[in-house]
Undergrad: 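Structure incoming, see below.
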Amino acid sequence: MIPYINVPFDYAAKALGASTDEVKMIGLFLGSYPLAAVLKRLPDNKPWIKNVFNICVTIFFLVGLFDLWGGLAVVVFDAAGTYAIAKYVKGPYMPWIGFVFLMGHMSVSHVYRQMAESPSSVDITGAQMVMVMKLSAFCWNVWDGKQKTADLTDEQKDRMLTDLPNLLDFAGFVAFFPSFMVGPAFDFVDYHRWLNTTMFDLPPGTDPMKAPPTRKKRRIPRSARPAMWKMAQGLVWLAAFLQCSGYFNEKVVLGDRFKTMNLAWRIFHLHMLSLVTRMKYYAVWSLTDGACTLSGLGYKGLDPKTGKPNWDRLINIKPAGVEFAQNTHAYLGNWNLNTNHWLRNYMYLRVTPKGKKPGFRASMATFVTSAFWHGFYPGYYLTFVLASFVQNVAKNSRRLIRPFFLSPDGKPLPRKRYYDIATWLITQLTFSFVTAPFIVLSIHDSMLVWSRVYFYCPLGVALCSAFLASPGKAWLAKKVKERTASAGATKPKLGRADSTESLQGTTLGVPSEPGKEFDEVVDEIMAEVKARRGSRAGPEGAELRKRVEHSLHQKADEVKMQ
């Protein structure tokens, strides 16, 4: 650590009532802006200088600012190990070996952080979580480059690497400082296209006169204004967090005074705890997105509607999408977008055999990956499990209720505004309850907070699930079908929205329909049993399904008793 570097941060920490490391992190985010401006101005025809600059700045952050010599060793170890695996391991297991190597090492860091019990201090775990996404994706990109293009999706073709990059380019990719500590993550091809400036080529057929303005001979378009706008948004969220965190925090909901409040006031405090916690993430990810934009890496091409540059390539959060979400998919789908992208493209779709639709295995693998990636605090798992049942109820309820607020041909009726308000309120209060364990972390504290608001979310889920298992569901479905039939269609024209299957497998690994996925695992086991049995006699059809379901339930009961 640079001598006396802590002095101004100690002073600011006392004034703000925060820890020194937290203030340092804010200083790191803000300091990334002038450094990103320098990075952008380095010669385009000398990419090695940009790589060296990235590496030097990241080393300064780790060692000069936070004294994380061990963290630097972790970064070098993970990066070197991944590069060696991608280069020397042959065969289809290479990406999985890289994934297990990275996840295993990160899990050790999670355990050490959990044992340290110092949430306000900065360690390498956050940066390592970002590296797991970047480096595991790198292994898959290298693997895709060795496959026949006919066997790849358009996304995989765009991301594939036919040649292993040189070590300096790879090191610059790993050490890209504007997003190193907390993300956003991105694939190597994005970094390489930024490095050689092909990212800024105009689409074929575009009028050169419509090219975004640049300075002098630089190819990177001017990005100061959008970057400053994102920085301003981040600072506003940060100021709101600092102002509100003293009034709405975990100490309040765990304290004795919370018990004396009426139920409505307690639910309000629980919701504000969730909102204020989100403010911190809005601030951090807006600030890092702005620094990436200023460097040029956030460039996403020209907006087809306005013809102006789009700087949302690395956007990681959509606060309005979360805060005004009216359903679970929209809420989760607008949160931590790059993690959703990573889980979908490098887990959910990768465990699915070619030619088949993703099923139970894909959903479960994604769920487990997301849970382990976050860490091992019990509260995380309470949140994930409850969120999966919330998704199941919300998805089925929406299909049965929403059509009654639309005309038979799918157009909104005047009364739909009340449906929108109700679903927004229910979604927000539901996730305030669901995410409480993610904040308080322990099972004891999670149950204490939940009990003080009378477990309103699990009770609501249980009641809705009971209704969905009753004849009432069939009656509502019949009414929906009758409304649809009156319009001469087979189903309501509800349109495509964030709540639809377009986000399947992307919402942080949370299963959307546990019941359906149980049926899928039964089907997969039945298929496996039949394949192994061959021509030998045995139970078939309903009898085989009954035996498989009985075995699964029996095994689950044995696990619970252990």
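Please read these numbers as outputs of a predicted model, since none were measured by experiment. Numbers here simply count residues along the sequence, with the first being 1. Because only heavy atoms are used, hydrogens play no part in the values below, and waters and symmetry mates are left out as well, while side chains stay in.
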Undergrad: Taking the side chain as every heavy atom from C-beta outward, state whether Thr430 and Val461 have any atom pair closer than 4.5 Å.
TA: no
Undergrad: Take Lys479 and Glu482 through the side chain to side chain contact (heavy atoms under 4.5 Å, CB included) test and state the conclusion after the steps.
TA: CA-CA 5 Å; Lys479 292 295 183 182; Glu482 290 174 356; 3.7 Å; yes
Undergrad: Check whether more than 12 heavy atoms from other residues, nucleotides or ligands sit under 6.0 Å from atom OH of Tyr247, and answer yes or no.
TA: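 It does not: Tyr247 OH has 12 such atoms or fewer within range.
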Undergrad: Kindly indicate whether the side chain of Pro184, heavy atoms from C-beta on, has any atom under 4.5 Å from the side chain of Thr288.
TA: yes
Undergrad: Are Asp303 and Asn310 linked by a side-chain donor-acceptor pair shorter than 3.5 Å?
TA: no
Undergrad: Before you tell me yes or no, could you show the steps for Lys134 and Asp190 under salt bridge (Lys or Arg N to Asp or Glu O under 4.0 Å), namely the whole-Å CA-CA distance, both residues' side-chain angles and the distance that decides it to 0.1 Å?
TA: CA-CA 11 Å; Lys134 292 170 67 173; Asp190 293 321; over 6 Å; no
Undergrad: Charged N to carboxylate O under 4.0 angstrom, Lys230 versus Asp312?
TA: yes
Undergrad: Which heavy atom in Phe372 sits nearest to a heavy atom in Met103, and how many Å separate them?
TA: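 Between these two residues, the closest heavy atoms are CB-CE, 3.7 Å.
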Undergrad: With the side chain counted from C-beta on, respond yes when Leu287 and Trp237 share a heavy-atom pair under 4.5 Å apart, and no when they do not.
TA: no
Undergrad: Do you know the tightest heavy-atom contact between Val440 and Glu250?
TA: CG1-CB, 4.0 Å
Undergrad: Would you find a donor on one side and an acceptor on the other, under 3.5 Å apart, between the side chain of Gln326 and the backbone of Ile426?
TA: no
Undergrad: Over 60° means perpendicular and under 30° means parallel, so tell me whether Trp450 and Phe455 are parallel, tilted or perpendicular.
TA: perpendicular
Undergrad: Without swapping roles, check the side chain of Asp187 against the backbone of Val189 for a donor-acceptor pair under 3.5 Å.
TA: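 Checked: no pair found.
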Undergrad: Are any of the side-chain heavy atoms of His341 and Glu155 separated by less than 4.5 Å?
TA: yes
Undergrad: Do other residues, nucleotides or ligands put more than 12 heavy atoms under 6.0 Å from Lys318 NZ?
TA: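 No, the 6.0 Å shell around NZ holds no more than 12 heavy atoms from other groups.
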Undergrad: I'd like to know if the side chain of Asn396 pairs up with that of Asn392 as donor and acceptor (distance under 3.5 Å, no hydrogens or angles considered).
TA: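 Looking only at side-chain atoms, Asn392 and Asn396 do form a donor-acceptor pair, the distance falling under 3.5 Å.
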Undergrad: To the nearest 0.5 Å, how far apart are CZ in Arg266 and OH in Tyr454?
TA: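 Between atom CZ of Arg266 and atom OH of Tyr454 there are 4.5 Å.
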Undergrad: With a 4.5 Å heavy-atom cut-off, do Tyr282 and Glu323 have their side chains touching?
TA: yes
Undergrad: Is there a donor-acceptor pair under 3.5 Å between the side chain of Ser286 and the backbone N or O of Ala283?
TA: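 Checking the backbone N and O of Ala283 against the side chain of Ser286, no donor-acceptor pair under 3.5 Å is found.
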Undergrad: Is Lys308 atom NZ crowded by more than 12 heavy atoms from other residues, nucleotides or ligands, each under 6.0 Å away?
TA: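 Counting neighbours around NZ of Lys308, 12 or fewer heavy atoms of other residues, nucleotides or ligands fall under 6.0 Å, so no.
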Undergrad: Do Thr293 and Trp229 pair up side chain to side chain, a donor and an acceptor below 3.5 Å, judged on atom types alone?
TA: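 No, no side-chain donor-acceptor contact under 3.5 Å.
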Undergrad: Consider only side-chain N and O atoms of Asn141 and Tyr346, and report whether a donor and an acceptor are under 3.5 Å apart.
TA: yes
Undergrad: Going from CH2 on Trp373 to OG1 on Thr366, what distance comes out if it is rounded to the nearest 0.5 angstrom?
TA: 14.0 Å
Undergrad: To the nearest 0.5 angstrom, please state how far the OG1 atom of Thr153 sits from the CG atom of Asn345.
TA: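 Output value for this atom pair is 7.0 Å.
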Undergrad: State, with a plain yes or no, whether a side-chain heavy atom of Phe268 is found less than 4.5 Å away from one of Met261.
TA: no
Undergrad: Determine the minimum heavy-atom distance between Val390 and Thr328, stating which atoms define it.
TA: CG1-CG2, 3.6 Å
Undergrad: Rounded to the nearest 0.5 Å, what separates atom CD1 in Ile315 from atom CG in Asn334?
TA: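 Between atom CD1 of Ile315 and atom CG of Asn334 there are 9.0 Å.
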Undergrad: Taking the basic N atoms (NZ, or NE/NH1/NH2) and the acidic carboxylate oxygens, is any pair closer than 4.0 Å for Asp144 and Arg350?
TA: yes
Undergrad: Determine, step by step, whether Tyr381 and Tyr377 satisfy the ring pair (Phe, Tyr, Trp, His ring centres under 6.0 Å) criterion, reporting the C-alpha distance in whole Å, the side-chain angles of both residues, the deciding distance to 0.1 Å, and the verdict.
TA: CA-CA 8 Å; Tyr381 297 85; Tyr377 283 105; 9.9 Å; no
Undergrad: Hey, is the main chain of Val434 close enough, under 3.5 Å, to the side chain of Thr383 for a donor-acceptor pair?
TA: yes
Undergrad: Please indicate whether Phe405 has more than 12 foreign heavy atoms, meaning atoms of other residues, nucleotides or ligands, lying under 6.0 Å from its CZ.
TA: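 Atom CZ in Phe405 is crowded, with more than 12 foreign heavy atoms closer than 6.0 Å.
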Undergrad: Indicate the atoms forming the closest heavy-atom contact of Val276 with Cys244, along with that distance.
TA: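 Looking at all heavy atoms of both residues, the closest pair is CG2-CB, 3.7 Å.
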Undergrad: Would you confirm whether Asn340, through its side chain, and Leu332, through its main-chain N or O, come within 3.5 Å as a donor-acceptor pair?
TA: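 Confirmed, Asn340 side chain pairs with Leu332 backbone.
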Undergrad: Passes side chain to side chain contact (heavy atoms under 4.5 Å, CB included), Leu273 versus Val252? Steps please.
TA: CA-CA 9 Å; Leu273 171 64; Val252 174; over 6 Å; no
Undergrad: Does any non-hydrogen side-chain atom of Phe438 lie less than 4.5 Å from one of Thr277?
TA: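 Result no, sub-4.5 Å side-chain heavy-atom pair not found.
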Undergrad: Just wondering, are more than 12 heavy atoms of other shown residues or ligands nearer than 6.0 Å to CZ in Phe324?
TA: no
Undergrad: So Trp311 and Cys292, do their side chains get closer than 4.5 Å, heavy atoms only?
TA: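 They are not in side-chain contact.
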Undergrad: Hey, what do you get for CZ (Arg313) to CE (Met199), rounding to the nearest 0.5 Å?
TA: 4.0 Å
Undergrad: Determine whether a donor-acceptor pair (N or O, by modelled atom type, separation under 3.5 Å) exists between the side chain of Ser370 and the backbone of Phe367.
TA: no
Undergrad: Check for a donor-acceptor pair, side chain of Ser397 on one end and backbone N or O of Ala394 on the other, with a separation under 3.5 Å.
TA: no
Undergrad: Would you check, one step at a time, whether the test side chain to side chain contact (heavy atoms under 4.5 Å, CB included) holds for Cys457 with Leu386?
TA: CA-CA 9 Å; Cys457 181; Leu386 181 55; 4.2 Å; yes
Undergrad: Is the Trp140 ring parallel, tilted or perpendicular to the Trp96 ring (thresholds 30°, 60°)?
TA: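 The arrangement is perpendicular - the two ring planes meet at more than 60°.
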Undergrad: Kindly give the heavy-atom pair with the smallest separation between Arg398 and Tyr419, and that separation in Å.
TA: CG-OH, 3.7 Å
Undergrad: Measure the CG-CZ distance between Leu406 and Arg415 for me, rounded to the nearest 0.5 Å.
TA: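 Leu406 atom CG to Arg415 atom CZ measures 9.0 Å (nearest 0.5 Å).
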Undergrad: Step by step, work out the side chain to side chain contact (heavy atoms under 4.5 Å, CB included) result for His271 and Leu429.
TA: CA-CA 6 Å; His271 174 68; Leu429 295 184; 4.2 Å; yes
Undergrad: Would the number of heavy atoms belonging to other residues, nucleotides or ligands and lying under 6.0 Å from CD of Gln114 be above 12?
TA: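 For Gln114, atom CD is crowded (more than 12 foreign heavy atoms under 6.0 Å).
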Undergrad: Mind listing the closest non-hydrogen atom pair of Ile443 and Pro378 along with its distance?
TA: CG1-CB, 3.3 Å
